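Working notes, beginning with the structure itself.
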Protein chains: 2
Amino acid sequence: MRESEAPESRPYHHGDLRRALVEAACRLLEKEGAQALSLRAVAREAGVSPAAPYHHFKDKSELLDAVAHEGWEKLDLAFQAARDAHTSPPDRVRELGVAYVCFASQHPDLYRVMYDCSRDKADMPAHVLENEESAYRRVREVLISAGADPSDEIGLELATIACWCAAHGLAEMTSFKQFEPLKEALGGEEAFLRGVLAHVGVFAKGL
Amino acid sequence: MRESEAPESRPYHHGDLRRALVEAACRLLEKEGAQALSLRAVAREAGVSPAAPYHHFKDKSELLDAVAHEGWEKLDLAFQAARDAHTSPPDRVRELGVAYVCFASQHPDLYRVMYDCSRDKADMPAHVLENEESAYRRVREVLISAGADPSDEIGLELATIACWCAAHGLAEMTSFKQFEPLKEALGGEEAFLRGVLAHVGVFAKGL
DNA sequence: TGCGCTATCTTAGCGTTGTTCAAATAAGAA
DNA sequence: TTCTTATTTGAACAACGCTAAGATAGCGCA
């Protein structure tokens, strides 16, 4: 007989170890940073042996993929909030960019895992770039509603990619020490981010 | 007495092991990629014991810093060439960006080491951002000669950073598989890069 | 010349990592 | 119950970054 409802009511050895591992990894990521995220440390944090994760993930990289997936979903929430908070299409373009870079600035280690996963495979997660409801498509749609010519498919694609590249570059560079005086002069990081994005065509004028 | 001029005339045990290690690291980087760049592998490639590098570099990261330094100097050469190949200021702005991203595309593993070093310390190498002859200053100068208002210091700074961010983002994303159809439609990677950069304000119109 | 000093390099070893494999364990089906 | 399967463990391997102690080679100075 089971010992009368363990706190988390684990029907199996651990319940859902896969989920527990991803959560432990996220916890570690916030507490200790990205360079402390070893497979063994994650197993330790989840209270399980070093070999246990291999029954749920083929690789360390596959666990990181799952963490990254979690990250993209959180980013998607921020995206939705930014879009819903503004009605004017040009505002929406700008605020989408700001939301993106702010997310990266607030979760630097998570963002690093997210992009390192993509970079290693030269491949973005399908639901980010390809889906109908993907973040990429969302940017594209907002660009159209802000005045971009929907019949110029190639131009539209290039503009969307330019958006994304500028946001990603800024996301990785905004923490550089050299920019701190400028941030202070502008009254905070967000003003700095807005200032930089304003010099990227698509963010500046919606086309 | 010395044994009559050994091939490389090594006055000491190895001659200049520091330099030899950096060169071995660069060789490994091209042959095996960035994830194969362990300290022990570098020592092996240089024909020396695993502990030898520690007399020339405090850390593994300090060796990588030296490799990155080498990379920034190579990039600087490409920058100079791009600037000297064009006379019209707007052309120069554009070609600087293209040269930057092309360099990253041609030496992806080196570029990765270069940026990972900066990212880990949230700090760009001094000679890249701060010096008078730095790449950053070079972009700034070209922006001014292309029509940017030199009295608007903050605006100029923001525009330069926007340049840099877009170039960096594109450099890291240009290898993504999802962009391949678009590259083909445009007739090659360079056309793709130019197309994307054309949607970044500073690259597009020099301001 | 010979002696010591110091920088350089090696050998050996520690603790950690990613990964594999055989054995142990528990859940569900018969 | 017993069999089967999914899950977890424990032990081990190779490779890693790094350290400490000893060997070696070049240099200055008597």
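For the numbers below, each heavy atom of this structure counts, side chains included, while hydrogens, waters and symmetry mates do not. In the text below, chain A, chain B and the rest are named by the order of the sequence lines, each starting its count at 1. Keep in mind it's a predicted model, so treat the numbers as computed, not measured.
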Report yes if some heavy atom in the side chain of [X] is under 4.5 Å from a heavy atom in the side chain of [Y]; otherwise report no.
{"X": "L182(B)", "Y": "I161(A)", "value": "yes"}
{"X": "M114(B)", "Y": "L75(B)", "value": "yes"}
{"X": "C26(A)", "Y": "V67(A)", "value": "yes"}

Pairs under 3.5 angstrom only: tabulate donor-acceptor contacts from the side chains of residues 137-144 of chain A to other protein residues two or more places apart or in another chain.
from: R137(A); atom 1: NH1; to: E132(A); atom 2: OE2; distance (Å): 3.1
from: R138(A); atom 1: NH1; to: D76(A); atom 2: OD1; distance (Å): 3.3
from: R138(A); atom 1: NH2; to: E133(A); atom 2: O; distance (Å): 3.1
from: R138(A); atom 1: NH2; to: E133(A); atom 2: OE1; distance (Å): 3.1
from: R140(A); atom 1: NH1; to: E157(A); atom 2: OE1; distance (Å): 3.4

Could you state the [atom1]-[atom2] distance from [X] to [N], rounded to the nearest angstrom?
{"X": "D16(B)", "N": "dT8(C)", "atom1": "CG", "atom2": "C1'", "value": "13 Å"}
{"X": "E32(B)", "N": "dC16(D)", "atom1": "CD", "atom2": "C1'", "value": "16 Å"}
{"X": "R18(A)", "N": "dT7(D)", "atom1": "CZ", "atom2": "C1'", "value": "15 Å"}
{"X": "K60(A)", "N": "dT20(C)", "atom1": "NZ", "atom2": "P", "value": "14 Å"}
{"X": "L17(A)", "N": "dA6(D)", "atom1": "CG", "atom2": "C1'", "value": "12 Å"}
{"X": "H56(A)", "N": "dT19(C)", "atom1": "NE2", "atom2": "C1'", "value": "16 Å"}
{"X": "F57(A)", "N": "dT7(D)", "atom1": "CZ", "atom2": "P", "value": "12 Å"}

### Message
Run the ring pair (Phe, Tyr, Trp, His ring centres under 6.0 Å) test against F57(A) and tell me which residues pass, sequence neighbours left out.
### Response
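For F57(A) there are no ring pair (Phe, Tyr, Trp, His ring centres under 6.0 Å) partners, ignoring immediate neighbours.
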### Message
Checking K177(A) now: which residues fulfil salt bridge (Lys or Arg N to Asp or Glu O under 4.0 Å) with it, not counting sequence neighbours?
### Response
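Here no residue qualifies.
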Quiz: residues 97-112 of chain A side-chain donor-acceptor pairs under 3.5 angstrom, not counting sequence neighbours:
from: Y100(A); atom 1: OH; to: Y111(A); atom 2: OH; distance (Å): 2.9
from: S105(A); atom 1: OG; to: E189(A); atom 2: OE1; distance (Å): 2.9
from: S105(A); atom 1: OG; to: E189(A); atom 2: OE2; distance (Å): 3.3
from: H107(A); atom 1: ND1; to: F103(A); atom 2: O; distance (Å): 3.2
from: D109(A); atom 1: OD1; to: A34(A); atom 2: N; distance (Å): 3.0
from: Y111(A); atom 1: OH; to: H168(A); atom 2: ND1; distance (Å): 2.7
from: R112(A); atom 1: NH1; to: D120(B); atom 2: OD1; distance (Å): 3.1
from: R112(A); atom 1: NH2; to: D120(B); atom 2: OD1; distance (Å): 3.1

Show the distances under 3.5 angstrom between N or O atoms of the protein and N or O atoms of nucleotides 19-22 of chain D.
none

### Sorted by number, the residues of residues 35-47 of chain B with heavy-atom contact under 4.0 Å to DNA chain C
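Heavy-atom cutoff 4.0 Å gives R40(B).
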### Message
Run L158(B) and F192(A) through side chain to side chain contact (heavy atoms under 4.5 Å, CB included) and show every step you take.
### Response
CA-CA 8 Å; L158(B) 290 173; F192(A) 167 76; 4.2 Å; yes
